Amino acid sequence: MPARIQALFVTPAIAFARLGGSTVPVDCYKWVDVEEPRYDGETTLAPDWTLAVEPDASIRPFMPDAVVFRDGERIRPVAPFFEVWARLGEDGSDPGTWSETPLTPALMQAEGLAPTALTLQVSAFNRKAARRTGNPALAFGTFAPVIVTADDHTRTPIAATSPPGTPVPMIPLDRSIAMGSVQWMRSVPQPTDRAWSQAVDIEVMRFRYWPAPGAFYGPPQAAAAAPAQGRPAPAVRPENAFLDANAGWFNVGADLGRSSSPGDTYDVVDQRTPEGRVGPSLGVVDDTCEVHFSVVLTTSIERSLDARAVAFVGPPDFAPDRRPFLSVADEINDRCGDAATRNAAMDEGQLDRWVEDLFERIYETVSLFNVDLYRAVGTRPNRAAELPQDADHRRDEDIDDGQRPLPDYAMGGQDRLRDPDRKIPAATPPNPLPLSEHARARHRNLSDLQNLEDLAARAPGRIREIVREPFQVEPFETSNVSSMRMPPFMRQSNALPLTVAAWQHDLLMRWVAKTEARRAGRPAMAGLALAPGAPRPLSASAASRRHAVLARLDAAGRRP
């Protein structure tokens, strides 16, 4: 019995699109470790094979000379491609025996299927205002999916409206908000003699999602400046000020409840209330959204196959060469399969490399932060990071010797989690951001595994104490109040303190226990001075950096 199409899947199953006003999307790039000391982080960007869409909707792979993120004032969007693949097998066979192959016009034709048998159904929604107010009528999107057959290669717009039948729709009945567009690419025969032939398949059935430009919409009131209310410029352009102010989002009071946190993520009439609360909503929405794709292959009147994918549409990535220490992949790994078994399978060498990579990612995240600003924001009324009076959180003395204000706040001189041997000075003109500078220098140091091992050996229990456990919220913490447990001042989607994933925490604590046991009794570094004894070899990354420095000095003729 011949094998035939038994199932479909779309790859990638999850993608991220990014808004941008340019008509040219960002070229493809990848993260690489250049291991050169002139780079501030561990990661940089390198161009990769990119797909250019031709006027007839076929694609042309090319290798960019550089990665470009702007065209003048306009930011280039990220517009992901999605490929449709098939699983082949005999009827009634075990799915474990099925093979995976790209879905192509030739494969469909072999089963007697025309291009019209393959359709794409698209649904896109923005529910920010609905979530904050608890009013589902303020959601907007495609309340009937956009449907495109695979023989239609034009770009099909995605227009969002308010829910049908809403008494006072936020989006008037004769208007809509653009949420991007979708397009089936034209499949062409795959060559075998091109430089990209092994890397890119141009014959597979694929579609592309083009995100919206990144526009804001609001009622007419949002198109006017209000200097007295802290809004020196209009919040939206006049042509986008068509939302109905009576729909329920405009002028909603400051007491929106916990679902509105953090309050500085939506436009308000006046944020400078005496109590420190945000003011009523200005009624502004944007064109970010969540897009669901359903690919349906109708093989007969009685039989159809479907596969799904999703795109999350967000703002531009203003630091694309900085890897986050907690990613969507990390969150999925925490919930997919048996994480404990996966962790246990990691040997000692793999664990060392994983921990060093984690702390490199932590440093790359910290390098973006103005920690001084985060702490300053935390000192406002109702947003204080003041520590409890008990001895578990406060020390009696100020380890900063009174140089910095608010010593009884998180990261202040009386914070018991602070290392008493590391004083942080007050802000000065040469160093206006001492906390940020301290955080970057400290985490840059710890991104080298040898220095991290020294910390674990010199201060047993320190890493366990300072790193927040998964989903840990201390009794005094709220959506606005934070301790300095790592990572400090960062928030989850529920506005409570962010933490690493459970599997990450388990691996880190396993490494800490192993390192403390292995280094017990061995001399550790104290500052820059090595304790007596045979010198220890450099870690792989430290040796690589030293080699890069010496090579650069040799090339410049500056090495003695």
Side-chain angles (χ1 to χ4, degrees), residues 359 362-363 366 369-428 431-446 451-491 496-500 505 508-509 512-513 515-516 519 524-529:
F359 275 80
I362 290 171
Y363 165 69
V366 170
F369 268 71
N370 184 336
V371 186
D372 299 80
L373 176 62
Y374 272 75
R375 186 170 185 267
V377 169
T379 62
R380 296 175 185 170
N382 293 339
R383 300 192 63 177
E386 185 174 4
L387 299 169
Q389 296 284 349
D390 60 89
D392 289 339
H393 295 91
R394 284 193 198 181
R395 61 177 79 243
D396 294 331
E397 74 281 6
D398 179 358
I399 63 175
D400 292 328
D401 300 327
Q403 293 189 71
R404 296 174 59 246
L406 301 170
D408 53 347
Y409 279 51
M411 287 193 174
Q414 290 182 265
D415 192 331
R416 187 163 289 280
L417 289 177
R418 282 270 308 278
D419 184 344
D421 295 328
R422 296 181 182 275
K423 297 181 180 181
I424 302 176
T428 61
N431 185 15
L433 303 173
L435 265 177
S436 302
E437 182 65 28
H438 171 80
R440 291 168 189 163
R442 186 67 180 135
H443 284 285
R444 184 69 180 90
N445 177 272
L446 294 178
N451 293 331
L452 192 63
E453 288 178 339
D454 288 330
L455 171 64
R458 184 176 64 250
R462 173 68 174 166
I463 296 177
R464 292 188 187 89
E465 177 186 40
I466 198 71
V467 176
R468 190 186 294 271
E469 295 182 13
F471 305 107
Q472 181 187 38
V473 180
E474 298 184 67
F476 69 95
E477 291 183 306
T478 69
S479 59
N480 289 323
V481 178
S482 176
S483 76
M484 69 163 285
R485 288 195 187 279
M486 301 292 124
F489 306 131
M490 299 182 72
R491 291 289 181 262
L496 291 173
L498 180 70
T499 65
V500 295
H505 188 268
L508 177 59
M509 293 304 111
V512 168
T515 302
E516 291 178 349
R519 298 286 296 273
M525 292 182 68
L528 297 178

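The structure displayed is predicted, hence computed values, not measured ones.
- The heavy-atom pair separating M490 from F369 by the smallest distance is CE-CZ, 3.7 Å.
- How far CD1 of I399 is from CG of D419: 7.0 Å, rounded to the nearest 0.5 Å.
- One finds the CG atom of L433 at 13.5 Å from the CZ atom of R375 (value rounded to the nearest 0.5 Å).
- In this structure, L373 and N370 approach most closely via the heavy-atom pair N-OD1, 2.9 Å.
- No donor-acceptor pair under 3.5 Å is formed between the side chain of R468 and the backbone N or O of P487.
- Using a distance-only test at 3.5 Å, with no hydrogens or angles considered, no donor-acceptor pair links the side chain of R464 to the main chain of M509.
- Taking the salt bridge (Lys or Arg N to Asp or Glu O under 4.0 Å) definition, one finds that D400 meets it with R404, R418, sequence neighbours left out.
- No donor-acceptor pair under 3.5 Å is formed between the side chain of D401 and the backbone N or O of Q403.
- P420 is not listed as a side-chain neighbour of E397, based on a closest heavy-atom distance of 4.5 Å or more.
- With a 4.5 Å cut-off on side-chain heavy atoms, H438 and K423 do not count as touching.
- Within the 3.5 Å criterion, the main-chain N or O of R395 finds a donor-acceptor partner in the side chain of Q414.
- For the salt bridge (Lys or Arg N to Asp or Glu O under 4.0 Å) condition, the pairs that include at least one residue of residues 480-489, sequence neighbours left out, are E474-R485.
- Here CD1 of I362 is found 7.5 Å from CG of L508. Values are rounded to the nearest 0.5 Å.
- If you take CZ on R440 and CG on L435, they are separated by 11.0 Å, rounding to the nearest 0.5 Å.
- Between the side chains of Q472 and T499, no donor N or O sits under 3.5 Å from an acceptor N or O.
- Side-chain contact check for L417 versus M486: every heavy-atom pair is 4.5 Å or farther apart.
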Kindly indicate, with the supporting measurements, whether the criterion side chain to side chain contact (heavy atoms under 4.5 Å, CB included) is fulfilled by E477 and L496.
CA-CA 8 Å; E477 291 183 306; L496 291 173; over 6 Å; no
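- For the salt bridge (Lys or Arg N to Asp or Glu O under 4.0 Å) test, no residue two or more places apart in sequence or in another chain qualifies with R416.
- Residues passing the side chain to side chain contact (heavy atoms under 4.5 Å, CB included) test with T515 are E453, A456, W511, R518, R519, sequence neighbours excluded.
- In plain terms, the two heavy atoms of L387 and D415 that are nearest each other are CD1-CA, 3.6 Å.
- A donor-acceptor pair is defined here as one N or O able to donate and one able to accept, closer than 3.5 Å; such a pair exists between the side chain of D372 and the backbone of S436.
- Distance check, rounded to the nearest 0.5 Å: CE of M411 to OG of S483 gives 9.0 Å.
- Every residue two or more places apart in sequence or in another chain was checked for a ring-ring contact (aromatic ring centres under 6.0 Å, His included) with F489, and none qualifies.
- Classification of R462 and E516 as a salt-bridged pair fails, no side-chain N sitting under 4.0 Å from a carboxylate O.
- With values rounded to the nearest 0.5 angstrom, I463 atom CD1 is found 4.5 Å from L452 atom CG.
- Listed by chain and residue number, H393 satisfy the ring-ring contact (aromatic ring centres under 6.0 Å, His included) test with F476 (two or more places apart in sequence, or in another chain).
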